[in-house]
Structures are given as structure tokens and as C-alpha cells.
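Okay, so here's the structure we're looking at.
Throughout, a chain's letter reflects where its sequence line sits, starting with A, and its residues are numbered from 1. This is a predicted model, so every value here is computed, not measured.
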Amino acid sequence: MTAVTLGEIAQRFGLKLVGDAGVSIDGVCSLLPGRAGGIAFLNDAKLRDRLGDSAASAVIVREQDAQGLSGAGLVAADPYLAYARIARLFDPDRPFSPGRHDSAQIAADARIGEGCWIGPQAVIESGVALGSRVFVGPGVVVGRDARIGDDSRLSANVFIGPRVRLGARCQVQPGAVVGGRGFGNARGPDGWEEVPQLGGVHIGDDVEIGANTCIDRGTIEDTVIEDGVRLDNLIQIGHNCRIGAHTAIAACTGIAGSTRIGRRCMIGGAAGIAGHIEIADDVILLGRAMVTGSITRKGVYGSGLPLDEVREWRKTVARVRRLGRLDERIKALERGRDGSSAADTEAKGEDV
Amino acid sequence: MTAVTLGEIAQRFGLKLVGDAGVSIDGVCSLLPGRAGGIAFLNDAKLRDRLGDSAASAVIVREQDAQGLSGAGLVAADPYLAYARIARLFDPDRPFSPGRHDSAQIAADARIGEGCWIGPQAVIESGVALGSRVFVGPGVVVGRDARIGDDSRLSANVFIGPRVRLGARCQVQPGAVVGGRGFGNARGPDGWEEVPQLGGVHIGDDVEIGANTCIDRGTIEDTVIEDGVRLDNLIQIGHNCRIGAHTAIAACTGIAGSTRIGRRCMIGGAAGIAGHIEIADDVILLGRAMVTGSITRKGVYGSGLPLDEVREWRKTVARVRRLGRLDERIKALERGRDGSSAADTEAKGEDV
Amino acid sequence: MTAVTLGEIAQRFGLKLVGDAGVSIDGVCSLLPGRAGGIAFLNDAKLRDRLGDSAASAVIVREQDAQGLSGAGLVAADPYLAYARIARLFDPDRPFSPGRHDSAQIAADARIGEGCWIGPQAVIESGVALGSRVFVGPGVVVGRDARIGDDSRLSANVFIGPRVRLGARCQVQPGAVVGGRGFGNARGPDGWEEVPQLGGVHIGDDVEIGANTCIDRGTIEDTVIEDGVRLDNLIQIGHNCRIGAHTAIAACTGIAGSTRIGRRCMIGGAAGIAGHIEIADDVILLGRAMVTGSITRKGVYGSGLPLDEVREWRKTVARVRRLGRLDERIKALERGRDGSSAADTEAKGEDV
């Protein structure tokens, strides 16, 4: 979309218009400095006083901030959400024309829904079923008998393993591996022996899977990612895990096998979650959380010893390691106190 | 394989049959609920009492659990290992037909052994030598002069760098990068200058390399992964490392350059191991272990401060940071005790 | 290059020659054992006494070590840097012939500079502009309207997103994803809604990006990586970050969105850096550093509780968790001391 009037945006998204409906909007911009033609949003109360400094042609604000608008604007209950929806109008990477690139390799028995695009160097293996309007980007591999729901988008160089099921409106970022072999090995007489991973991966609707993120296929049953889950980049999800609906997980997090994560959880970056545990609904884990056991109650959890200047940090580590001795010294003092009381008593006794 | 009788399985794997040899098995299943046609295994003693609840057509059990079988079964010294081997019969992704896809790009001088498959969009560069029955999946790149041993499997979108040597029966999962440039940089007058990484990577036999895992090529000599090593997903192995035979490493672990890991180690997920150190044979590292120096004795090691409810965690961090003051307060008390003893003595002295 | 005389190397790099100028050098080698035909370097003072044990045909040394040379050598102010530059002569993977592989898919309107190579199965989308002598390896995808500077090298299976700008002399290792979608999501009435990431990624000159490393595109403005930055493998850089010039970051580090890192920082492996913070110039973070807030002064910083034998570690964790009680016990002792002084006084009072 090249340009649209503010009035049209207001109408399309059901937002209250402030100022000139004819203002032309050709894209989004930051609140500050902003730019002519751009629409920005005000979410951060600290920036409220600077609303007048923005060069944006329009700003999306909350009702209580509308009087601060010096130019045109839109009023929304949630300016960030309204911005998100409006910004989609201006996303140049979203629209595509249906068809297939000459270099795409599509198995003869694959079923391709209407309105799909199969990009250059892509591979669609035998038995695959794509819904309607699926975007298969360059270099993507969709393995045998996999199923991809309507309007899903496989960006580029993605691997979807055999028999993986992906729901509707999913987005898979470049390099993601959905349905690689789970890490199952049995000790044999001559070393590790592979345990075949015969389950699949079942991804719900409206799931995002980040760049180079890996979701392993299950050992016997499926690994399951429920509807609306958001996974950032470089995440590892082990075999047989289940991630509850609408849970969001930030980058670099690793979740070992057979763990169940609840619904609507928010998991910070680089969290490490042990296998075979359960995490309740609505749990929030701060970044770098180290989770070694189940979490049964919703709440906010963190772990780790944060940063310090290196000399101080080393002293702290040394002190932590001397905690056992510290305890003994306190015990000695406690005994000493009792001892000295006793001695005092004796002394007093002697006095008596 | 579509179906096989339990008697045939027993014979093929040298296992004792319990019950009807003619039971037809068409795949594996979980013990619970299990399903008709499936073979399950009992490994977890806690489930022993529920053996009769399984709908599986057969269960693999230990000798001592065989009397608990309500239906047919197999007796194995190690049911999980027996299961692993039996499950391979039913792995639909294992067999392939030899040949090459029309879209594969194979250098004229590459030597391709008998029974290999070169998949769609794959690239085999000049001077490559593949052994027999090598599977090269879709989008795989095998760099110049690389050598791949018999029966190895490069799943999809894998990168094998120039001059990398991979042994027999290796498995490389999607997106793995074996033989990328090591992270070698020298400070020059105008910033970092690249130090060419002229070594290769030498992978032994029976090695598994997980999805999106990276193994850097050596600076001068090779980075070495010995026989039977198992690497999970998203692992980083720096240049010049050596990983000892039969060591298994879980996902998201990073090993900095020039470190040597012993044989038969088990390294938990998201461990971080410093460069230029040595880890002895048979070391077990728990998940998230932070290893800053060599480990000279076999044993089990862990590190880190595990999870807590956030308020408690913040208090703990603050307390750890006050450990220096705690120490001083204890010293004051110790001096006080000595002081007060002295005072007591004085007082007593006065009393005398 | 097959072989060159030591004299030619000395002349080419402006280094002082020791010994026979006619010594033939055909590659690099380690100092020990070294090999005939190889050139090694001595950087580690501890190996100075072993200089005579090297079988290398020449060794690059500092002035003060030159008298230890038993054979030929070169004298350099910085032997490692001199080695790095000399080693490039012998890097077989550096040179390439210009052209394009038949299987490469290049949009009709892409502008390809002189001397470029576009490898097999590569994809160059519409509007792309490549400078001169750019190497595009097998399976690389360069998205719409991206710009790549002169002499840059995209190794293999790399993804460069739409509108990404990459400077001159950059190196991108296999599987790297530059310009995937940033992790921006807004809460809607029915779950997360995507916030389009309409910014790009702007990479300066002389930047290295490691294997499977991910750099997300900005939300509105660009994510920026300044000149001379070195990124190792499996790094995550969130949307809207800015990484200052000549900063080096080791593998497995994650940097959350909108964080600014200064110039010339050195960040150890597997560091975790929170979003929306600033790190000053010349900051050094040790491996596994957990950074939850801004760092305003240059210096060396670390965090975490390093490894211990598991029983000791568990005791330490338990002790850390009892720190609150320890504090109370010390308080009791402190009160006790004051109390007992008071009591003593009283007692003395009684005595009086």
C-alpha cells in the first residue's frame, strides 16, 4: 500500500479521529523524531510531554493523551495494538502472488491449495498437503506427508520434517527446524544406539517459530505446540514437550524433553528448563532463569547471580564458597554465647 | 515395514517370547494407553503395576517383570535398548532408493559411492568423496574435497565445509554447520583482522550432530569429534576442540576453542565451557553448568543458583552481595567475644 | 598459492628476515611439532625455550626471541598478526572465479557488480544490488532490495532479508539469518498479534557474522551493526539493537531488543544481555555474564556461580538460600552481645 488517508485508517480500524481526516499516511515512524507521512504511537507515559515535538503526520494515543496532540491523531484503547494492526497495511513483505517458481521441486502427489506460492529452490516432498494461500519461501524444505494450514508462511531455508502438522496462520522464520530427530539414545554394548523418533510435531494455529529455532519430533507421540504460541529465535524444544496456548518464549531458551509448559506463560530469554517437569499456567520466568523442577503456582520467577565488576564478583564467589565456614563460625559464636552465659552463670554462681 | 509377528521380532533380536508368537505388530506405542498393533516397553519400575492397563499388543519387559504381563511380550535384559532396535523396523524415514534428483548439483569430479541418494537442491562441490549408501537430503551443501563415510545421513539444509572428513554411520540433522570458519581474529592497527582457519573438522564414526549445531574448523590442525559422540541441537563447538569418544552433549551447550573433553562424558543442556581447558573422562555436567577451569577427576558437577519466586530471589541476590558485610559483622562478634571474654576476665579479675 | 620463498614473504609484509631467504614455504603449521615447508609463529612466551624443537621451516617471532631461532624466521612486532596476514596466502577457500552457476536463480532486475560469483542453488531476489567481487555461496538467499557491499562473502545457506544493507568486506558464515522478523507481539483480545517489523538491518564494513547467528530486523528503524564488529556463531541480536564498532562477541550470546552496546567491547561466550539497556565502550564481559542493567563505565564484569562437585554445589545452594536465617542468627548474636554487655553491666551493677 502506498498511501492512505488518516480518515480511512480511522474507519477501517474503528478508531476515533482527531484533526484532519485527509492527512495522507504512507508508512509508520517512531514518535521521535517522526517524519511527515508517517504514523506513530504513544505508549510510554514518559513521552507524553514530548508529543508536540513529533514530526509524525499522525499519532495514535490513549483518550487521556488526546488533548496533547498538536496535529492529527487517532484515539485507541491500546495504541500499541492499534499500531500493530495499522502497520500491517504498510508491510511490503506480506503480499505475494500465487504460483510456483520454476526451480521449485514439488512432488507429483503433493496437494497444493489455491493461492499458494512455492518459491525458488524450495522442495515439497511426496504426500505433502498445503492449505490455501500458504507462502513457501526460497530454499524451504517440506518433508514427506507434512501438512501446512491455510495462510501459513514458511519464510526461507526452513525445514519442516516428515509428518509434521502445522496449523493455520503460522509464521516460521528462516532456518527454523521443525521436526528434526529428538535426542534419544540408548546405551548399547559398543556405545550409544539411536532410539528412532517416530512421533511427529503438532503445531497449532497462529504460532510463530523464530529463526534457527529447533523443535524436535516426539519419540512415540507428538511434540505439541498449542495455538497462539510465540517462539523467538534460537530456541530448543526437546522431544515430547507440550507448550501451552499463547505462551511466549524469548530467544536462546532451551527446554529439555518431555516437559509441559502451561498456557499464557512468558519465558524470558536464555532460560534453561529441565526435562520431565511441569510448569503451571501464567508463569513468568525472567531472563536466564534456570528451572530444575516443576513450578506448580503462577507467579514470577528468576534465578542466577547477576553481574558485578570482576574483582567484586570473584570475591562474592569466594565468599559464597566459604558459606560453610561462615556457618561454623556463627555456630561457634552461638555456642560461645551460650557458653559464656553458662560461664557467667557459673561465675555468678561462684559469686553467690 | 507394515507389520511383523511378535515371534519374528523375538527371533530377529534374540529375545524371549511370552505369549502368542502370532501377534501382529505394526509399530511402536507408549505403554499407556498403548494401542492394538503396537509394541511398548516397560522401563520405569513405577509403572510396573500398570502393565495390565496397557492396550499395547506386546510389551518388552525385564525378566522380573514378565509375570506382570497380561498379554504377549518380550523379555530383554535392557528393554529400552531392545525397544530402540525394534523401533528401527518401523521408521518410515530410514529407507531410501539410490539415485540423484534432477535438481541436485554435483561437481563432475565428485566421487559418489554405490547406493547413495543425492536429494533435490543439494550441492556436491568439486573433489568430494561420498562412501556407499550415503543419504544427502534436500538443500544439503557438501563443500570442496569433503569426505563422507559409508551409510552416513545428511538430513536437510546441512553444511559440510571444505575438506571436512565425516566417518561412517554418522547422522547430521537439519541446519547443522560442520566446518564453518573458527572465530579467530587478531588485533590490527585499524581493528580486527581475520585469522584464516586452515584446519578442517574430523568427525569419527557413529557420530550424531543435532539440528543447527555448529562445529568450527580448526585454525591450523583439525577440530576433532571422536567416534560415537552424540551432539544435540544448537550446540557450539569452537575451533581446535577435541570431544572424546562416546561423549553425549545436550542442546544449547557452548564449548569455546581449544578445549578437550574426555571420553564417555555426559554434558547437560546449556552448559558453558571455557576455552583452552581439559575435562577428564567420565565427567557428568548437570544442565547449565558453567565451567571456567579444567576438571581433572571424573564425577558429577553442577553450578548456578536455581530458580526462586522473584521476590525471594532478589532478596537472596542482595544477601549474597552483602556477604562481605556479613563477614565483617561476624568478625566484629568474634572480636567482641574475645573482647568480652577479656572483659569478663577483667571483670572476674576485679571480682577476685 | 602453492609455495613461496621466505624472502618473498618478508618483502611482501615488510618483515625482517632471519636466515635463508630461499626457504620454500607451502603453508602454515603449528609451532610444535611443526613440519617442513610450514611457517609457524611464536606468541606464547612459555614456548620460547622450545623454539629449537620446531620442525617448521620458518617461525615468526618477536625481536627479543629472534636469537632463539635455530633455523630461518621472520621478525614481527606482533607475530600473531603477521601470521594472520601471511596465512591468507595459503587459504584455499578464498579465491574464486567470477560467474554464476546455472542453478542460481537471479531476478532479472538484480544488479550484480563485476567479479561476483553466484553459487549453485542461490537465490537473488528482485531489486537486489551486489557490489563488486561479492561471493554468494551455495543455497544463499538474498531478499528483495537488499544491498551487499564490495568484496563481501556470503558463505552458504545464508539468509539476507529484504532491504538489509551489508557493507564491504563482510563475511557471513553458513546458516546465518540477517533480517528475520523481530520478536514484536502485542496482546490482542484473542491472544498475541504480530507487530510488523518494518525496519531493516544495517551492517557496516568489515563485519563478520557467525554460523547460525541471527540478527533481527528493526521494528521501525534499523537494527545496526557498526563497522568491524565480529560476531561468533549462534548469537541472537534482537530488533533495534546497535552494536558499536569493533566490538567482538563470542558464541551463544543473546542480546534482547533495543539494547545499545558500545565500541570495542569484548563479550564472552553465552552472555545474556537484557533489552533496553546501554553498555559503555570498552566493556569486557566474561563468559556467561548475565547483564540485567546498563553498564556505564568501562571495565571487566562477570557473574554467576561457577562449577563445583555436585554435592558441594547443592550444599552451597542450600546455604545461599539460608542466608536470610544466617543474617537473623547474626542479628541475634549482635543483640545478644549488646544484651550480654547490658546484662554484664547489670551483673556488675549488682556486684557493685
Worksheet item: With side chains defined as the heavy atoms from C-beta onward, is the minimum distance between K331(C) and R329(B) less than 4.5 Å?
Response: yes
Discussion item. If the threshold is 4.0 Å, N to carboxylate O, is there a salt bridge linking R187(B) and D78(C)?
Written reply: no
Item to complete: Report the C-alpha distance between E208(C) and R181(B) in whole Å, list the side-chain angles of each, state the deciding distance to 0.1 Å, and finish with yes or no for salt bridge (Lys or Arg N to Asp or Glu O under 4.0 Å).
Response: CA-CA 10 Å; E208(C) 177 166 20; R181(B) 198 181 100 76; 2.7 Å; yes
Worksheet item: Of all of G228(C), P174(C), C252(C), which one pairs up most often with chain B through heavy atoms under 4.5 Å apart?
Response: P174(C)
Fill in: L305(C) side chain reached by V320(B) side chain, heavy atoms, under 4.5 Å
no
Practice prompt. Under 4.5 Å heavy-atom distance to chain C, tell me which part of V283(B) shows up: side chain, backbone, both or neither.
Written response: neither
Discussion item. I'd like to know whether Y301(B) forms a side chain to side chain contact (heavy atoms under 4.5 Å, CB included) with V310(C), so could you lay out the CA-CA distance, the side-chain angles of the two residues, the decisive distance to 0.1 Å, and finally the verdict.
Written reply: CA-CA 5 Å; Y301(B) 299 83; V310(C) 70; 5.9 Å; no
Worksheet item: Is R321(C) paired with E312(B) through a side-chain N to carboxylate O contact shorter than 4.0 Å?
Response: no
Response to the item:
salt bridge (charged side-chain N to carboxylate O under 4.0 Å, His left out) filter on R325(C), not counting sequence neighbours, yields none
Worksheet entry | Top contributor to chain B interface from N212(C), L326(C), V28(C) [non-hydrogen pairs under 4.5 Å] | N212(C)
Worksheet entry | Ion pair R230(C)/E193(B), N-O distance below 4.0 Å | no
Fill in: Shortest non-hydrogen separation from W313(C) to G304(B) and the atoms involved
NE1-O, 2.8 Å
Practice prompt. Please lay out, stage by stage, how D216(B) and Q173(C) fare under the test side chain to side chain contact (heavy atoms under 4.5 Å, CB included).
Written response: CA-CA 10 Å; D216(B) 279 344; Q173(C) 301 305 324; over 6 Å; no
Practice prompt. Find the one option among P138(C), G137(C), A270(C) whose heavy-atom pairs under 4.5 Å with chain B are most numerous.
Written response: P138(C)
Discussion item. If the condition is side chain to side chain contact (heavy atoms under 4.5 Å, CB included), which residues does E328(B) pass it with, not counting sequence neighbours?
Written reply: none
Item to complete: Enter the distance from Y83(C):OH to I220(B):CD1 here, rounded to the nearest 0.5 Å.
Response: 3.5 Å
Discussion item. Within the structure provided, determine whether L81(C) and P189(B) are in side-chain contact (heavy-atom separation under 4.5 Å).
Written reply: yes
Worksheet item: What part of I235(B) gets closer than 4.5 Å to chain C, counting heavy atoms only: side chain, backbone, both or neither?
Response: backbone
Item to complete: Using non-hydrogen atoms and a 4.5 Å limit, figure out which bit of A332(B) sits close to chain C: side chain, backbone, both or neither.
Response: both
Fill in: Over all atoms of both residues, closest heavy-atom pair of W192(B) and M266(C)
CH2-CE, 4.1 Å
Worksheet entry | Toward chain C, the part of E194(B) with a non-hydrogen atom under 4.5 Å | both
Item to complete: Flag the one option from V317(C), D206(C), I330(C), D91(C) with the top tally of heavy-atom pairs under 4.5 Å to chain B.
Response: I330(C)
Worksheet item: Which answer fits L234(B), side chain, backbone, both or neither, if we ask what part of it has an atom under 4.5 Å from a heavy atom of chain C?
Response: both
Item to complete: Would you mind checking if R163(B) and D93(C) are paired as a salt bridge, meaning a charged N to carboxylate O distance below 4.0 Å?
Response: yes
Worksheet item: Got Q121(C) and P120(B) here, is their nearest side-chain heavy-atom distance under 4.5 Å?
Response: no
Practice prompt. Can you see which heavy atom on G139(B) is nearest to which on N157(C), and at what distance?
Written response: O-ND2, 3.9 Å
Fill in: Pairwise side-chain contact, F183(B) with N233(C), heavy-atom cut-off 4.5 Å (strictly under)
no
Practice prompt. Below 4.5 Å from any heavy atom of chain C, which atoms of A289(B) appear? Answer side chain, backbone, both or neither.
Written response: both
